[in-house]
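I have placed the structure first, in the form of structure tokens, so that the comments after it can refer back to it.
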Amino acid sequence: MRCLRLKKQKEITALHRSGKRVYASSLTVIYLPSDCLKMAVCVGKKYGKSVRRNRIKRLLRAAFSQYTDFLSPCSVLLIPRVSEEYSYAVFVRDIGKILERERLLEHTP
RNA sequence: CGAGCGGACUACGCGGUCGCGGCGUGCUUUUGCGCACGAUGAGGAAAGUCCGGGCAUCGCAGGGCAGGACGCCUGAUAACGUCAGGUGAAGGUGACUUCAAGGAAAGUGCAACAGAAAUAGACCGCCCGUCCCUCUUUUGACCCUUUUUUUCGCAGGGGUCCCGAAAAAGAUUGCGUAGCAAGAUUUUUUGGGAAGAGGAGAAGCAAUCGAACGAAACGCGCUCUUUGCGUGAGCGAAGAGCGGAACGUGAGAUUUGCUUCGACGAGGCAAGGAUGGAAAGGCGAGGUAAGAGCUCACCGACGGGACGGUAACGCCCCGUGCCAUGUAAACCCCGUCCGAUGCAAGUUUGGGACCUUUUCACACAGGGUUGCCCGCCCGAGAAGGUCCGUGAAUAACGCUGGAGCCUUUCGGUGACGGAAGGCGUAGAUAAAUGACCGCGCUCGACAGAACCCGGCUUAUAGGUCCGCUCGUAUC
RNA sequence: GCGGGUGUAGUUCAAUGGUAGAACACUAGCCUUCCAAGCUGGUCGCGUGGGUUCAAUUCCCAUCACCCGCU
């Protein structure tokens with residue numbers, strides 16, 4: 001991915017502590033302005049076995065990559081909600097809705 | 001055609017656009033960051049982490065104890081608790097399946113309840129002997145031998161007189177044709193060697209009285225039927241019918257009616273006794289006072305020998321003091337094996353300066369080596385603190401070419417091994433396979449590598465192939 | 001990834017291979033004018049599946065769920 005991965009424990013705890021949380025029906029987004037664009041996905045053991053967790057992570061990354069070219073530099077953490085079914089279209093729609101509402105997009109796609 | 005058994009394989013496919021991981025080549029760039037192209041990128045279980053090994057480190061690779069694992073035989077393998085072939089046992093009509101399958105006369109422990117009794121005995125019982133009182137009936141008296149017997153037993157065997165019964169012979173007598181009846185006596189066979197009733201006494205059942213407790217009818221009593229227990233008098237349970245208006249349980253006491261039992265023996269036996277998972281081999285016959293592998297036949301168990309097999313074991317013959325329950329997935333014994341820690345192992349970049357405490361270079365003491373002991377090693381470090389520096393849960397290596405995979409062929413029943421040829425086949429580190437479109441169908445299960453292999457176990461929608469068994473029908 | 005541990009009543013726990021127990025909770029009755037407290041009684045069971053054994057919560061194996069440690 002072109003955007004940098006958010007890796008350090010320090011950065012993630014800082015994000016949790018002082019980032020802004022935005023909620024949608026399918027997921028939660030935490031973001032904080034920074035020098036370059038970084039993102040991370042948070043999928044713990046409560047979401048199911050490893051096959052199910054990997055599928056959630058793939059869907060979230062694919063959905064987020066639709067907007068990477070238009071985003072202003074900031075750190076983003078994506079946390080999905082626990083549910084029975086996950087779909088790519090719902091993730092794309094909700095992420096777009098949130099980013100538009102928080103005016104993070106530099107120009108509309 | 002139906003029902004089933006065993007084995008092997010597969011795990012949606014094809015095409016297009018965008019995107020992800022590492023790799024190679026090229027371009028750019030001081031490096032880094034990038035760009036383009038190319039090929040490549042999750043499994044049969046990647047899972048559980050239940051075993052075994054490689055690999056790495058630890059002054060392990062010396063001994064003993066402790067601890068752990070395994071347990072029919074032979075083989076395969078780097079090794080195994082795995083696999084293959086066989087043996088035995090159990091199950092199934094069969095194909096076939098399952099089995100931690102050494103030792104219970106080395107020792108210790110445990111076996112509830114039930115049952116007379118639970119690893120050992122004699123409660124009931126069967127038999128024998130001795131001994132109280134009264135009465136009734138009754139034929140008893142001797143000799144030889146230790147020959148019999150596994151044992152216990154006064155108890156074995158033989159003979160004479162006596163008594164009873166049966167059979168045969170038969171002098172003689174009566175009636176008399178035949179024949180029938182009686183019958184002294186003789187011979188042979190067999191039996192007999194005491195039996196029974198009552199009393200005293202003991203134990204119990206029912207009725208009666210009754211302290212105390214409960215109770216107002218779904219209760220109580222009586223009769224009948226069925227059934228259970230007891231040797232019995234009797235006591236319960238269930239059902240049906242009837243009864244009158246009051247009782248039921250009951251420590252204890254007295255009388256009446258009824259039932260059963262002779263007592264004893266440091267006697268014999270273990271056949272029978274509703275139990276139990278298991279009752280001192282099973283069953284039948286002989287034998288005995290009663291009994292018993294006491295004897296015999298068959299079956300089983302154990303021991304010995306011959307034969308077959310590498311062996312487990314099989315099969316045949318002979319013998320027997322039948323000496324003895326189950327449990328070792330209870331302790332344990334015997335045999336075999338095991339050093340510990342796990343890639344978060346470990347190696348490198350990567351440290352420097354100072355202070356304090358402690359041990360030691362003979363010994364003691366200290367540290368390490370496996371939980372413990374002995375033994376061995378360490379011989380200058382070990383522990384703690386402060387300051388400087390620093391990217392530090394970081395970076396690189398370990399990291400994927402390995403007991404590797406495929407094909408052919410040879411050896412072997414097989415697991416497997418040998419040879420030849422070919423292939424290059426994920427390597428991430430907040431951790432890569434997704435989204436959309438089109439076509440096809442049976443509409444797609446379980447599920448995601450994290451050092452690597454060999455196994456086991458568990459999860460799994462379907463589909464394909466091979467071999468085999470049983471049943472039915474037809475030929 | 002590696003190494004350990006635990007599953008018993010609604011809850012917290014106990015147990016020698018032989019009928020599974022205690023406390024609290026729940027519930028019915030008594031007591032009280034009523035409630036609480038107290039007294040008397042009752043209900044609720046060994047994570048799952050196999051095996052060893054006459055008999056398994058206990059012993060063995062597998063499996064499921066949960067917890068802890070290593071950094």
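What you are looking at is a predicted structure, and each value in this text was computed from that prediction instead of being measured. We name chains A, B, ... by the order of the sequence lines, and we start the count at 1 in each one.
- Between B/U98 and B/G404, the distance separating the two C1' atoms is 37 Å to the nearest Å.
- Scored by the side chain to side chain donor-acceptor pair (under 3.5 Å) test, A/Tyr23 finds no partners at all (sequence neighbours excluded).
- A/Arg55 comes within contact range of the sugar-phosphate backbone alone, with a heavy-atom separation under 4.0 Å but no base atom that close.
- Linking Ile, Leu, Val, Met, Phe, Trp and Tyr whenever their side-chain heavy atoms come within less than 4.5 Å puts A/Ile79 and A/Ile56 in one cluster.
- Rounded to a whole angstrom, the distance from the C1' atom of B/U149 to that of B/U288 is 12 Å.
- Of the candidates B/A42, B/G434, B/A447, the closest approach to any side-chain atom of A/Leu59 belongs to B/G434.
- Rounding to whole angstrom units, NZ of residue A/Lys57 and C1' of B/G448 are separated by 10 Å.
- Rounded to whole Å, the separation between the C1' atoms of B/A415 and B/U77 comes to 9 Å.
- Taking a pair as Watson-Crick or G-U wobble with both distances under 3.5 Å, RNA chain C forms stems of 3 or more consecutive pairs at C:1-7 with C:64-70, C:10-13 with C:21-24, C:26-30 with C:38-42, C:47-51 with C:59-63.
- Here, B/A42 and B/G414 have their C1' atoms 34 Å apart, quoted to the whole Å.
- Across all strands shown, B/G179 pairs with B/C175; the Watson-Crick or G-U wobble distances both stay below 3.5 Å.
- Among B/G434, B/A431, B/G448, the nucleotide with an atom closest to any side-chain atom of A/Val51 is B/G448.
- Distance from the side chain of A/Arg61 is smallest to B/A431 among B/A42, B/A435, B/A431.
- When rounded to the nearest whole Å, the span between CG of A/Asn54 and C1' of B/A450 equals 13 Å.
- Taking the C1' atom of each, B/G467 and B/G88 are spaced 28 Å apart, rounded to whole Å.
- Pair assignment for B/C83 gives B/G75, based on Watson-Crick or G-U wobble hydrogen-bonding distances that are each under 3.5 Å.
- Comparing the same atom, C1', in B/C269 and in B/A122 gives a spacing of 11 Å after rounding to whole Å.
- Between A/Leu78 atom CG and B/A430 atom P there is a gap of 17 Å when expressed in whole angstrom units.
- With a 3.5 Å ceiling on both atom-pair distances, the Watson-Crick or G-U wobble partner of B/G342 is B/C55.
- Between B/G401 and B/C452, the two P atoms lie 12 Å apart (nearest whole Å).
- Across all strands shown, B/G191 forms a Watson-Crick or G-U wobble pair with B/C163, both key distances being under 3.5 Å.
- Pairing of B/U255, defined by two Watson-Crick or G-U wobble distances under 3.5 Å, is identified with B/A207.
- Comparing the same atom, P, in B/G273 and in B/C261 gives a spacing of 24 Å after rounding to whole Å.
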Give each protein N/O atom lying under 3.5 Å from an N/O atom of nucleotides 64-67 of chain C, with the pair distance.
none

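- In a base pair of the Watson-Crick type (N1 to N3 plus N6-O4 or O6-N4) or a G-U wobble (N1-O2 and O6-N3), with each distance short of 3.5 Å, B/C456 is matched with B/G48.
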